[in-house]
Structure formats: structure tokens, C-alpha cells
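Residue numbers begin at 1 in each chain, while the letters A, B, ... track the order of the sequences.
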Protein chains: 2
Amino acid sequence: MDQRAARTALLDAAEELFYGRGVQAVGMDDIRSASGVSLKRLYQLFPAKEQLVEAYLERRDERWRIALAEYVAERSDPYERVLAVFDWLGTWFADPGFRGCAWINCYGELGAVSPGVAEQARRHKEGFRSDLRRLVEATGLPVDPLAEELHLLAEGAIVTAGLLDDADAGERARGAAARLLAARGAPVKG
Amino acid sequence: MDQRAARTALLDAAEELFYGRGVQAVGMDDIRSASGVSLKRLYQLFPAKEQLVEAYLERRDERWRIALAEYVAERSDPYERVLAVFDWLGTWFADPGFRGCAWINCYGELGAVSPGVAEQARRHKEGFRSDLRRLVEATGLPVDPLAEELHLLAEGAIVTAGLLDDADAGERARGAAARLLAARGAPVKG
DNA sequence: CACGAGGGAGAACGATCGTTCTCCACAGCG
DNA sequence: CGCTGTGGAGAACGATCGTTCTCCCTCGTG
């Protein structure tokens, strides 16, 4: 197994374990067992646990936002694209492994104690917000404050789905989003 | 110092430290120093750290929701009362000690590992949601799905204010809430 | 004063865990 | 075959921290 494969195996194991149980509940030894990579190699690639956590968040951010973008790109109508964000959230919430937002969870766990983790969480949320803003721009509607409002709905749905196990939060957010779009002049479905 | 005063001192210290730094970053010794209560007494009142954490969340929930209710009760118009929830969130976000939602943070930190903490977080969020629902009921507007939508906005504002340091999230959520209310037939200010 | 109960201060204990070190197997190469 | 260095397995180390224990002081009571 070369360095590249080891790195991938480590990040895969880290993602599954950290997301599922929380960072502090997972030891480096658990990562080792789950990945099959020796501790020596682990510490060569990630000299401290914190760096593994940050790398996990960074890679997940990339994947998460790309998956969202691909899902959205399946629609052609710009309004539908905006609403598809909420559909996608709904499919995420329905995933059996769903356990809330990885970045919110990590921020709660380590944000006060690890600037790097706090930064990753901030970056992810800002990235998501600007992705959403771009989708709103494409509709031609006035972006402010519409995009921010839709972002609040999305974040609210994520947190509610995670904490209250409320998988319908996506649909409900979609409904509210449609109403806000209509209030701003989007053509209403008939 | 009698038992009652010791309990209060402990919960005060726990609240300040746990909220400010996260639960796992605070040792029982820190609680002892900050409260002035001896370890022996601490363990008499809270036989394990987890119970102190749960008691902290429970007392904070009570205070938080009462403070919100009192703020809201200063207005008499039922629509204004609903919107006042978002004003109150805005004042909370502006507090210099604001560091996001205590329950979301604790859930991220311990939710996967401590059922008691997960339960407290769930209870708080459900309590908040039903408080909001009652305020919407008082307007006479159809409650579903309006109340849920407003709840998503509020949660989104809380999480965004915490993570992105965005103190204006309250105002923005208030704007969106006003629009959703208007779309459901509330009389518009003019 | 004797004495026992209760409480405070802080040492001690035991477990966990991030990180490093030791030891060994084995492959490449003369 | 011997030498060398890379890497794996897992023991060891050191720190932290939740929890308990020890020791001592104090105070109320006979």
C-alpha cells in the first residue's frame, strides 16, 4: 500500500468514525484498526490528530458540495435548481447514516479549543452559502436578502433534521423557500 | 454554604465554563475552582460529570425559554409577538459571550455518546418549537406549516450566528419571517 | 475536655489516549 | 550470505482527568 492509498484509507476511516461517533470518542487506535494503516504511517501522514480532523472536514466539504452541485445540475430551470437544494438536503436526511451536520458537530466539539477546526467549519458554511447565492443569482431575482434567507432555511433544516430526527425538515424548508421565491417575483408553478 | 447555595454555585460555574469552552475542555477541578465548592460536595450533589452537564442544560433551558417568553410578552399584538422572537434572538447574538447554541454544541460534542445529553438537546429544541407554535396559534393564522417554517428560520439564524459570527442573522430571519407571515394572510405593516 | 460527624484541601488512583519507541521481519543489493 | 533500511505490530510513555481517598480542622454535644 503506497502513501496515496494509505492516506485515502485513513481519511475514509476517519470520516466514518468521526462522523458516526464524534471526534473525541474515537482514538487514533480505532483509526488504525479501521483503516489497516499502521500508527507509524499514520503519524507520518498526519503528525497530529488535529490535522487528521481538519483533513477529514476538508475532504468532506469538497465531496459534499460537489454532490450537491451535481444534483442541482440535473435540473435546467434556475428556480428549480434553487429548490433542488432542499430536495437534496431531504435525501441526505433520509440516509440511514445521517447524524446531523459534520461541521456543526465538530464545531460544537472542538470549535472553542481548535482554531483549525473552527476555520474548517466556517469555510464550509461560507462555501455553502455562496453556492446557494450563485444559484439565486442565476434566477435573475434580486439576490439580497433572498439568498441569505434561503440559506437560513437550509441551515435550520439541517440542524432540525439532525437534532430532532425530523427527516421532513427538507420538504418543509423547500415549501418555505418556494414561498419566499414567489414573494420575490419568481413565477409560480401552475 | 448550604447545599442549595452550593448547587447554585456549581451550576453557575458549569454554565459559564461549559458554554464558553465546551464540556470536554473543562475538568471537574475547573468547576471546583470556579465555584468554590469542594470536590466532595460536588460529587455528593452530582455523582458524575454527565449529571452536572444534564443539570446545566436543563436549567439553561428553563432560563432561556422564560427569558424569551418575557421578552415576547412585552408586545401585545400577536403578529408582533411572533416577530419579537427574532428580535430576541438578535439581542442574544449580540451578547459578547455568545458562542452559539449550547444544546447544539453539546449535542455535537456528546450526543453520540451520552443519551442523556442528546435527550436534553432534543427536549430544548422541541420546547422552543412548541413555544413558537403557540405564538403562531395566537395569531389565528393556519398554524401548519407556518410555525414549522418559522422554526427553521430561527434555527438557521442561531446556527449561522454562532458559526459565522453573523450577528445580523436575527434581523434577516425576522425579515423572512415577516414575509412568510404576510404570505399566509397576516396584515402587513404600512 | 473528649469525641464523633461533617466538610475542606488536595493527593492518589485508574483509566484513557495521543504520541513515541522497541523490536523484528523482510526486501534490495553487494 | 550479510548488511542496511523500511515498515509493521504493538508495547511503552506521559499527560490528562474523572473519581475516590486520606488527613486534618472545626464544631456541636455530653
Side-chain angles (χ1 to χ4, degrees), chain A residues 1-57 105-106 108-117 120, chain B residues 1-57 105-106 108-117 120:
Chain A
M1 196 194 285
D2 63 352
Q3 298 287 87
R4 182 137 203 96
R7 195 185 152 88
T8 301
L10 284 170
L11 287 174
D12 288 347
E15 180 154 6
E16 171 152 356
L17 294 173
F18 287 160
Y19 180 68
R21 295 194 220 153
V23 170
Q24 317 220 47
V26 172
M28 296 300 263
D29 234 57
D30 298 322
I31 303 277
R32 182 185 78 105
S33 312
S35 65
V37 174
S38 72
L39 277 182
K40 196 183 240 175
R41 203 102 91 108
L42 200 176
Y43 276 95
Q44 274 171 16
L45 289 162
F46 302 99
K49 189 183 188 182
E50 190 176 345
Q51 298 180 42
L52 180 59
V53 176
E54 289 173 28
Y56 142 59
L57 290 177
N105 291 345
C106 271
E109 206 173 343
L110 301 167
V113 102
S114 158
V117 168
Q120 285 297 328
Chain B
M1 196 193 283
D2 64 352
Q3 298 287 88
R4 183 138 203 96
R7 194 186 153 86
T8 302
L10 284 170
L11 288 174
D12 289 347
E15 181 154 6
E16 171 152 356
L17 294 173
F18 287 160
Y19 180 67
R21 295 194 221 154
V23 170
Q24 316 219 49
V26 172
M28 296 300 263
D29 235 57
D30 298 322
I31 303 278
R32 182 184 77 106
S33 312
S35 65
V37 174
S38 72
L39 277 182
K40 195 184 240 175
R41 202 101 90 108
L42 200 177
Y43 276 94
Q44 274 171 17
L45 290 162
F46 302 100
K49 189 183 189 183
E50 189 176 345
Q51 298 180 43
L52 180 59
V53 175
E54 289 173 28
Y56 142 60
L57 290 176
N105 291 346
C106 271
E109 204 172 346
L110 301 167
V113 101
S114 158
V117 167
Q120 285 296 329

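The interatomic distance linking B:L39 (CG) with D:dC17 (P) rounds to 14 Å, in whole Å. In this structure, B:L110 atom CG and D:dG18 atom P are separated by 11 Å, rounded to whole Å. Between A:L42 atom CG and C:dT19 atom P the separation is 10 Å, expressed in whole Å. Summarising the geometry, the separation between NZ on A:K49 and C1' on C:dT19 is reported as 12 Å, rounded to the nearest angstrom. Atom-to-atom, CZ of B:R32 to C1' of D:dT20 comes out at 14 Å; the value is rounded to the nearest Å.
Comparing B:D29 and A:G27 along DNA chain C, the residue whose closest nucleotide (by nearest heavy atom) sits nearer the 5' end is B:D29.
Side-chain nitrogen and oxygen atoms of B:K40 include none within less than 4.0 Å of the OP1 or OP2 phosphate oxygen of C:dG8.
The side chain of B:Y43 approaches D:dG18 more closely than any other nucleotide in the set D:dG18, D:dA9, C:dG18. Nearest nucleotide to the side chain of B:R41, out of C:dG8, C:dA9, D:dG7: C:dG8. Nearest nucleotide to the side chain of B:M28, out of D:dG10, C:dA9, D:dT19: D:dT19. The side chain of B:S38 sits closest to C:dA9 out of D:dG18, C:dA9, C:dG18.
Under a cut-off of 6.0 angstrom, the local environment of CD in A:E16 is sparse, with at most 12 non-hydrogen atoms contributed by other residues, nucleotides or ligands. Residue A:R41 qualifies as enclosed at atom CZ: its count of foreign heavy atoms under 6.0 Å is above 12.
Counting non-hydrogen atoms under 4.0 angstrom, A:V37 reaches nothing in the nucleic acid.
When B:L110, B:L57, B:V53 are each tested for a side-chain contact (heavy atoms from CB on, under 4.5 Å) with B:Q120, only one passes: B:L57.
Minimum heavy-atom separation, B:R21 to B:D30: NH1-OD2, 3.9 Å.
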